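What follows is one structure encoded as structure tokens, with my remarks underneath.
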Amino acid sequence: MFITFEGIDSCGKTTQADLLAEGLKEAGWPVVFTHEPGGTEIGDKIRELLLSKENSQMVWVAELFLYMASRAQHTEERIRPAIQQGKIVVCDRYTDSTLAYQGYGRGLDRKLIHRLNHIATGGLIPQLTFLIDIPPQLAMQRKFSKDRLEGEDSDFHSRVRKGYLKIAKGEPQRFCIIDGSRGIEEIHQEIMAIAMGKLRA
Ligand code: TMP
């Protein structure tokens, strides 16, 4: 089983992905918890390049290719082998992030992003994706530090949020849209119940 978490910056998805991974482990499932960009030695170097404020000159297509490069390495080296070993992979961000941020946020060609995602992943698609949805205004209030992308204006984050909702509504079997404005524990209980339901199905 391959489960991903998506959402705008500061939506709380990393906390929720981590709690789900821990909850599933406690329930006796073998779990690999990982993230993008990064998740491998090479991917972590790419992540540094992508998120460093020193790289404000980076053009959008270069950024797109770097996310894809990190994903290709991650899928081949980490995700696919874990799935083949029968583990549950919980991944903080995956292909939908690029569609939402580079596609809907930056305005890059979404068909091209679909094709590049397909090449980077060899067609590996999650069975379950949690979209932690919060308004950008709430995300702004939660923010403590700003990396290169978090420094984008609120219009950018509004476009990314709307993009995520469109993607999710287009694939209702895979996506669960979670109201992320509630408390951590309440959200976790909902996510845990959905994941356990799918695992037992
Ligand atoms: P993180 O804060 O969830 O670790 O993600 C780092 C940043 O990278 C975040 O601002 C979202 C952005 N991002 C993209 O723009 N495209 C992508 O494909 C991915 C995986 C992340």
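Quick caveat: nothing in here was measured; it's all calculated off a predicted structure. Sequence positions, counted from 1, serve as the residue numbers for this chain.
- Checking side-chain atoms of Arg80 against main-chain N and O of Thr121 turns up a donor-acceptor pair under 3.5 Å.
- Closest approach of Ala139 to Ile8, counting heavy atoms only: CB-CD1, 3.9 Å.
- Judged as a ring-ring contact (aromatic ring centres under 6.0 Å, His included), the pairs with a partner in residues 3-42 (not counting sequence neighbours) are, in order, Phe5-Phe130.
- For Gln189, the side-chain hydrogen bond (donor to acceptor under 3.5 Å, both in side chains) partners are Glu185, not counting sequence neighbours.
- Looking at every heavy atom in both residues, Ile134 comes nearest to Arg161 through O-NE, 3.4 Å.
- The cluster map of Ile, Leu, Val, Met, Phe, Trp and Tyr, joined by side-chain heavy atoms under 4.5 Å apart, puts Leu128 and Leu131 in different clusters.
- One distance of note links SG of Cys11 with CD1 of Ile178; it measures 11.0 Å at 0.5 Å rounding.
- Separation of atoms OG1 (Thr98) and CG (Leu112) is listed at 11.0 Å; rounding is to 0.5 Å.
- Side chain to side chain, Tyr101 and Arg93 meet the donor-acceptor criterion of an N or O pair below 3.5 Å.
- Side-chain contacts under 4.5 Å among hydrophobic residues (ILVMFWY), followed directly or transitively, place Ile125 with no other residue at all.
- To the nearest 0.5 angstrom, Arg182 atom CZ is 5.0 Å from Asp179 atom CG.
- Between the side chains of Thr129 and Arg174, a donor-acceptor pair is found at a separation under 3.5 Å.
- For Phe2, the ring-ring contact (aromatic ring centres under 6.0 Å, His included) criterion is met by Tyr94, not counting sequence neighbours.
- Listed here is the closest heavy atom pair of Gly43 and Ser70: CA-OG, 4.1 Å.
- Contact between Leu99 and His114 at its shortest, heavy atoms only, is CD1-CE1, 3.6 Å.
- Side-chain contact check for Ile132 versus Ile191: some heavy-atom pair is nearer than 4.5 Å.
- Between the Arg159 side chain and the Gly105 main chain, a donor and an acceptor come within less than 3.5 Å of each other.
- Using a 4.5 Å heavy-atom threshold, the side chains of Ile46 and Ile42 count as touching.
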side-chain contact (heavy atoms from CB on, under 4.5 Å) evaluation trace for Leu124 with Ile79: CA-CA 9 Å; Leu124 183 71; Ile79 301 175; 3.7 Å; yes
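- Closest non-hydrogen pair, Thr34 versus Arg78, comes out as OG1-NH1, 3.0 Å.
- A distance-only check finds a donor-acceptor pair linking the side chain of Thr75 to the backbone of Arg71 [under 3.5 Å].
- Residues Ile83 and Val31 are members of separate hydrophobic clusters, defined by side-chain heavy-atom contacts under 4.5 angstrom among Ile, Leu, Val, Met, Phe, Trp and Tyr.
- Ile184 forms part of a hydrophobic cluster together with Leu19, judged by ILVMFWY side-chain heavy-atom separations under 4.5 Å.
- Looking at Glu63 and Val59, their side chains never come closer than 4.5 Å, going by heavy atoms from C-beta outward.
- Pairs passing the ring-ring contact (aromatic ring centres under 6.0 Å, His included) check and including a residue from residues 158-194, sequence neighbours excluded, do not occur.
- Residues Ile88 and Val32 fail the side-chain proximity criterion, which asks for heavy atoms closer than 4.5 Å.
- The CD atom of Glu36 sits 9.5 Å away from the CE atom of Met68 when rounded to the nearest 0.5 Å.
- One finds the CD atom of Gln137 at 12.0 Å from the OG atom of Ser181 (value rounded to the nearest 0.5 Å).
- Within 6.0 Å of the NZ atom in Lys166, the count of heavy atoms belonging to other residues, nucleotides or ligands does not exceed 12.
- Checked by atom type and distance alone, the side chain of Asn117 pairs as donor or acceptor with a backbone atom of Thr95 at under 3.5 Å.
- Between the side chains of Glu6 and Ser97, at least one donor N or O lies within less than 3.5 Å of an accepting N or O.
- Closest of all the heavy-atom pairs between Asp44 and Gly39 is OD1-N, 3.2 Å.
- Of the inter-residue distances, the one linking Gln102 atom CD with Leu116 atom CG reads 11.0 Å to the nearest 0.5 angstrom.
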